[in-house]
Amino acid sequence: MKWLIRILFILVAVAGLVIGALLLMPGDKLGKILAEQVKAQTGRELTLSGDVRLSFWPVLGMETGPVTFGNAPWASSEPMLSAQNLAVGVDASALLAGDVRIRRVVAEDPVLRLELSQGRGNWEMSASQTGASNTGSGNADAPALNSAAPTETGTVTLDQLELSNARLVYVENGVPQMDFSGVDLKASWPDVTAPMKMSASMPVPGGAVEVDLEIPDLPAFSSGAVTPLVLGLTAPGGEISFDGRVNLAGEMDGKTHVRTTNTDAMLAAFGQGGVSVPMGLGRVADVSGHMTYTKDGRISLRDMRAVLDQNSFDGAADIVIASPPKITARLSTGDLDLTQATAGSAPNSGGTGGGGKQAPEGWSQAPIDASPLSLANGTIRLKANSIAIPDMTFGPSDLSLSLERSRAVLKMEPATLFSGKLTGEVVANNRNGLSVGGNLTATGIDLKQALTTLGGVERLSGTASGTLQFLGVGQTEAQIMRSLSGKGSLDVGKGVIAGFDLDRLMGRGEGSGGTTVFNSLTATYTIQDGNLTNNDLLMQLDNFRADGSGRVGLGARDIDYVFTPVALRANGGNGIAVPVRIKGPWSDPSIKPDLSKVIEAATEEKLKELEQDAKDKALKKAGEELNTTISDSEQVEDALKQKLEDEAKKGLLKLLGRD
């Protein structure tokens, strides 16, 4: 029994001496031993600086100062991992059983660089393959020395991973895909059958992005298989959730839900600062659908439901992640409210701009913020039951909006407006200053609704059709309206002009209560420098016709126009013409008969009568003097010549002494 006790004492003493020797060994020598072992197992260089401290039981651990861990031979020259200090602990009893149970990995200020190229990841390490590549005979085709089937190894698990103030870099085929700084990360994978859970935090403008991630089958994911993934992300202004499948390349497929309480703040957190989302298009948003993301930066959304502020949409979309993003979407909605889309988009939006005040009843002088035209490229098709924009409302409409480099083209196929249909397109271009233009065809338009909405003119009503081509340039409504150019035509069926009674004006004595009812109205026009000019207006009435010509100031919001009605049933259709002059601001123009024209016409007729009367009297007198009948001035000359000739003959006969 004594010899057994002595043997045990000797073994304990030897073990104590070995452990003591290791503990008393200088840190640099411990570091060198560890680096050699890591190189032998992984083929990577491990560099340790400062003191190295070891623990043996129950955790086999190491704490070190600055450390770097080399990259794969095919990857970049920068280390895969570096840190200011590193602490690693492994369960010693599990290690004796052949399992690697990592109790902790804690690093401060680490830089983790993950690289993927041609299907290889720099996190994949094989000591046997590395040794084979380093100890071969030099023949590239020679088999590896350790080419036998790999031996079975125990399980690997991770209780605690902590990275503090980390920088995470992901490079794919030599191109950086992600580079995040200031990241705090924690991860845990306590059992090979348990899910891997990770949480991370990263500072961004306005706060921090918080990520919670769960991968139920980490071994399958690590091998490159498609595996389930549950992801939750919280950022300033909103949150994103995903429940679906993912692979090692980052491709995803599953249900996605995005909620924002401040979309501008959330965009700024992801590097899109300065963007102001128009009201009605998602300052507060709730978007859900089935999402597919591919590694080339393409996102598809199907079965999408989007609630953007007070508006809701259904449909599908495809997005290419770029700067700016490219969007292709087909959407449908009920009643779309965009009446506040420009609210707060620019200072002085209440009608002042550039230090000046808006003219009374004039176009706004506030600068127009056209920057949203640069937010994206692509095409969006929209079908809506109604669309309300500032000052007007569209009915059921089928619209297509194309965006390309700050130029938007809105096609109407058709759009319902003012109880009629509009087809054609409207263009807004902000590439080199703002310009707007269009080419439209209208049918069945309620003229009173249109003129009241667009210009405050309420006196003319009827159902109109027509065409319009226009172009305007400027940074305010006033500048655009004063620069307008273009052309068009107008064709109105039966309608009414309120404010004057043409029957009473033409002296028939029977009016229609201060209105004029017409059967048709046609006109063509041109636009230049904000002035619409027309010279061929024709209005047909039961008893009259009216011709018109003049100017309509689209920029100045005034009018100077003359109607000339003609009584068709007087004097065989050549009746009295009484021009009517419409002049003044749109809101309250004066409508008066142009009596000066009537007086001029009457005076001219009277002068003609007086002239003829004087001429007739003169011819009569001349006839009496010449003793003949004279009906015109030529006969006066002939009669006078004859009279002189006769008198000359008489004088000559007397001179010759003949009667």
Side-chain angles (χ1 to χ4, degrees), residues 229 231 233 235 237-246 250-264 266-267 269-272 275-338 341 371-387 389 394 396-413 415 425 428:
L229 170 71
L231 175 77
L233 182 149
E239 60 184 18
I240 300 173
S241 64
F242 175 84
D243 188 350
R245 302 181 304 158
V246 67
E251 296 179 317
M252 306 171 74
D253 178 77
K255 294 180 179 180
T256 301
H257 200 161
V258 180
R259 300 183 184 89
T260 71
T261 56
N262 186 334
T263 304
D264 291 354
M266 192 168 184
L267 289 173
F270 290 101
Q272 299 295 320
V275 174
S276 179
V277 177
M279 183 64 181
L281 294 180
R283 291 185 178 180
V284 175
D286 191 323
V287 182
S288 60
H290 190 96
M291 183 197 76
T292 300
Y293 170 75
T294 59
K295 62 182 180 180
D296 57 353
R298 297 177 181 272
I299 299 174
S300 69
L301 288 171
R302 299 295 182 264
D303 301 324
M304 183 178 67
R305 174 71 174 174
V307 179
L308 309 180
D309 300 320
Q310 70 275 28
N311 300 311
S312 60
F313 302 86
D314 294 290
D318 293 291
I319 303 170
V320 178
I321 298 176
S323 182
K326 182 177 181 180
I327 301 172
T328 303
R330 295 181 65 89
L331 305 173
S332 62
T333 184
D335 298 321
L336 179 59
D337 182 3
L338 299 177
S371 61
L373 295 177
S374 64
L375 290 180
N377 293 329
T379 302
I380 301 173
R381 184 77 176 267
L382 173 66
K383 291 185 177 181
N385 183 57
S386 70
I387 304 173
I389 63 176
F394 290 81
S397 300
D398 187 351
L399 307 178
S400 177
L401 176 64
S402 298
L403 292 166
E404 182 181 4
R405 297 187 300 110
S406 299
R407 182 178 183 269
V409 179
L410 178 65
K411 293 183 178 180
M412 307 176 195
E413 302 172 318
E425 64 182 31

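Residue indices begin at 1 and follow the sequence shown. Note that these values count all heavy atoms, side chains included, but never hydrogens, waters or copies made by symmetry.
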Shortest non-hydrogen separation from Met252 to Leu229 and the atoms involved: CE-CD2, 3.9 Å

Nearest 0.5 Å, please: how far is OG1 in Thr256 from CG in Leu301? 7.0 Å

Are any of the side-chain heavy atoms of Ser276 and Asp264 separated by less than 4.5 Å? yes

One should read off an interatomic distance between His257 NE2 and Ser241 OG, to the nearest 0.5 angstrom, of 6.5 Å

Please report the shortest heavy-atom distance between Gly254 and Phe242, naming the atom on each side. N-CE1, 3.5 Å

Hey, could you give me the NZ/CD distance between Lys295 and Glu251, rounded to the nearest 0.5 Å? 6.0 Å

Do Val246 and Tyr293 touch side chain to side chain, with heavy atoms closer than 4.5 Å? no

Is any side-chain heavy atom of Asp296 less than 4.5 Å from a side-chain heavy atom of Val320? no

Side chains of Leu308 and Val277: closer than 4.5 Å at any heavy-atom pair? no

His290 side, atom NE2; Lys255 side, atom NZ - distance, nearest 0.5 Å: 9.0 Å

Of all the heavy-atom pairs spanning Ser374 and Pro324, show the shortest one and how long it is. O-CB, 3.8 Å

Inter-residue atom distance Leu399.CG - Glu413.CD, 0.5 Å rounding: 8.5 Å

Passing option when Arg305 is tested against Asp286, Val287, Asp314 for side-chain contact (heavy atoms from CB on, under 4.5 Å): Asp314

Check for a donor-acceptor pair, side chain of Arg283 on one end and backbone N or O of Thr261 on the other, with a separation under 3.5 Å. no

Do Met266 and Ile240 have side chains that get closer than 4.5 Å, going by heavy atoms? yes

Heavy-atom nearest pair, Leu338 first then Leu281, reads CD2-CD2, 3.9 Å

Closer than 4.0 angstrom, basic N to acidic O: yes or no for Glu239 and Arg259? yes

Between Arg330 and Asp318, is there a salt bridge with N-O shorter than 4.0 Å? no

Okay, side chain of Thr292, backbone of Ser300: is any donor-acceptor separation there less than 3.5 Å? no

Pairwise side-chain contact, Asp398 with Arg381, heavy-atom cut-off 4.5 Å (strictly under): yes

Check: Asp335 side chain, Asn385 main-chain N or O, donor-acceptor pair, under 3.5 Å: no

Backbone N/O of Gly280 and side chain of Asn311: donor-acceptor pair under 3.5 Å: yes

Under 3.5 Å donor-acceptor, Thr328 side chain and Thr379 backbone: no

Any side-chain heavy-atom pair from Asp253 and Met291 closer than 4.5 angstrom? no

Rounded to the nearest 0.5 Å, how far does CZ of Arg298 lie from CD1 of Ile321? 10.5 Å

Heavy-atom pair of closest approach, residues Ala317 and Met304: CB-CE, 4.4 Å

Decide yes or no for Thr333 and Leu382: does some side-chain heavy atom of the first lie under 4.5 Å from some side-chain heavy atom of the second? yes

Quick check: closest heavy atoms across Ala376 and Ile327, and the distance to 0.1 Å? CB-CD1, 3.9 Å

